[in-house]
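All values reported here derive from a predicted model rather than from experimental measurement. Remember, it's 1-based here, ligands and their atoms both numbered in the order they're listed.
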Amino acid sequence: MIQTLIGKSTEEAAAFLNEGQIIGIPTETVYGLAGNGLDTAVVSKIFEAKNRPYFDPLILHFKSLKAVNECVESFPTAAKILAETFWPGPLTLILPKRAIVPDLVTAGSSGVAVRVPSHELTLKLLQEIPFPLAAPSANPFKYVSPTSAQHVYDQLQNKIPYILDGGNSEIGIESTIVSFLDKTPRILRFGGIPTEEIIKICPDVIIDIQHAPNQHESPGQLEHHYSPNCILRPFSSTEYASESEKCVKLYFKKRADWQENKAEYFLSESGDLKEAAARFFSVLREFDAKKIEKVYFEWLPEQGLGRAINDRLKRASSNYNALG
Ligand code: TXA
Ligand code: MG
């Protein structure tokens, strides 16, 4: 059994990574489970620790746009403009991969997912190591993503030697993914950069978010994903009845008549989408910690980060949609 340390030392973190170990790292979106992205043996440790199927590829994290060039065959102009605009930041680009990138990282695809994260500690760490970091979100497959070192510890303790503690993730939801493998760029996942911002720079981008099972180009976009243990249902579709004290409501915005003891939760005090995104995953974890069984939620405005949060709510509640 490995003892898991939580600390703020990039030197210690780099030492573990240089030895071929995998560790938890902070990013502005969610925490990652990171290892040497150019070493197949290390990458397979990531899949194992996460219980993640090998068909679901990983994102490579780099210290700079320049460093990305070593792993990609080409960098289309539109992709470069997006990168220059949003990196470091919550944007992942899928670009044609070079042979140096192990097939395990891309699950056999000719495209590799790349991003430069915007987190001071992790950028420092990336400066101190001679390879990019392959890192999926540091949660067991299909569970809610972690937004603090404690979240990572709760689920991966004794599986990894170190978690680099960079505080709470500022954005709170994963990066937006844009693929440049075809002539027309495609948004494969809604995330931390709102679609509207991508369209401003890339007006021809199409939205290609997959919901149906069995046709996943971005397999992490499974129909049922981001799921806490509690059952989630939109309360527009069902009459909310207080079935038990283990049943709560989740609002976007704090209601004027809100009372702490009324089993009502909210994502943002003032109806701010950024605040809602930053709190979203930790609120879902809080429900599980409190053993809440059922959550009736309100959809957010379908704009900006609201679209990304709604996408995750849709997936987290998808098992139950069919039941009405
Ligand atoms: O914000 C983020 O992107 C976080 C932080 C840690 O960087 N990472 C993250 O990784 O969310 P993960 O593995 O949980 O989700 C990555 C998504 C998955 O849906 C995966 O299928 C997709 O990216 N993906 C990775 N490589 C791909 C590729 N080569 N082609 C298509 N989709 C890819
Ligand atoms: Mg994930």
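Between Phe252 and Phe297, a ring centre-to-centre spacing not shorter than 6.0 Å is recorded.
Below 3.5 Å of separation, one finds an N or O of Ser175 facing an N or O of ligand 1. Remark: ligand 1 and Arg189 share an N or O pair separated by less than 3.5 Å (distance only, no angle test). Looking at ligand 1, you'll find an N or O of His61 within less than 3.5 Å of one of its N or O atoms. The N/O atoms of Ser137, backbone and side chain alike, include one that comes under 3.5 Å of an N/O atom in ligand 1. Annotation: Gly111 places an N or O atom under 3.5 Å from an N or O atom of ligand 1; distance criterion only.
In this structure the side chain of Glu73 never reaches within 4.5 angstrom of the side chain of Lys97, judged on heavy atoms.
When all heavy atoms of Ser282 and His151 are compared, the closest pair comes out as CB-CE1, 3.6 Å.
For Arg52, every heavy-atom contact with ligand 1 shorter than 4.0 Å involves the side chain, none the backbone. Contacts between Ile177 and ligand 1, counted as non-hydrogen atom pairs separated by less than 4.0 Å, involve the side chain only.
Around atom 27 (C) of ligand 1, the closest heavy atom drawn from Pro57, Ala138, Pro26 belongs to Pro57.
At a threshold of 2.8 Å, the Mg ion (ligand 2) has no backbone or side-chain N, O or S atom of Ser145 nearer than that distance.
Using a 4.5 Å cut-off between side-chain heavy atoms of Ile, Leu, Val, Met, Phe, Trp and Tyr, with links allowed through other members, Ile100 and Ile59 fall into different hydrophobic clusters.
A donor-acceptor contact closer than 3.5 angstrom is absent between the side chains of Arg312 and Ser227. Remark: the Asp288 side chain and the Tyr143 side chain contain an N/O donor-acceptor pair separated by less than 3.5 Å.
Near Asp56, with a cut-off below 4.0 Å to any heavy atom, the atoms of ligand 1 are 18 (C), 20 (C), 21 (O). Close approach of ligand 1 to Pro136 (heavy-atom distance below 4.0 Å) involves ligand atoms 10 (O), 12 (P), 13 (O).
Remark: Arg279 is positioned above the aromatic ring of Phe266, its terminal NZ or CZ atom under 6.0 angstrom from the ring centre and at most 45 degrees off the axis.
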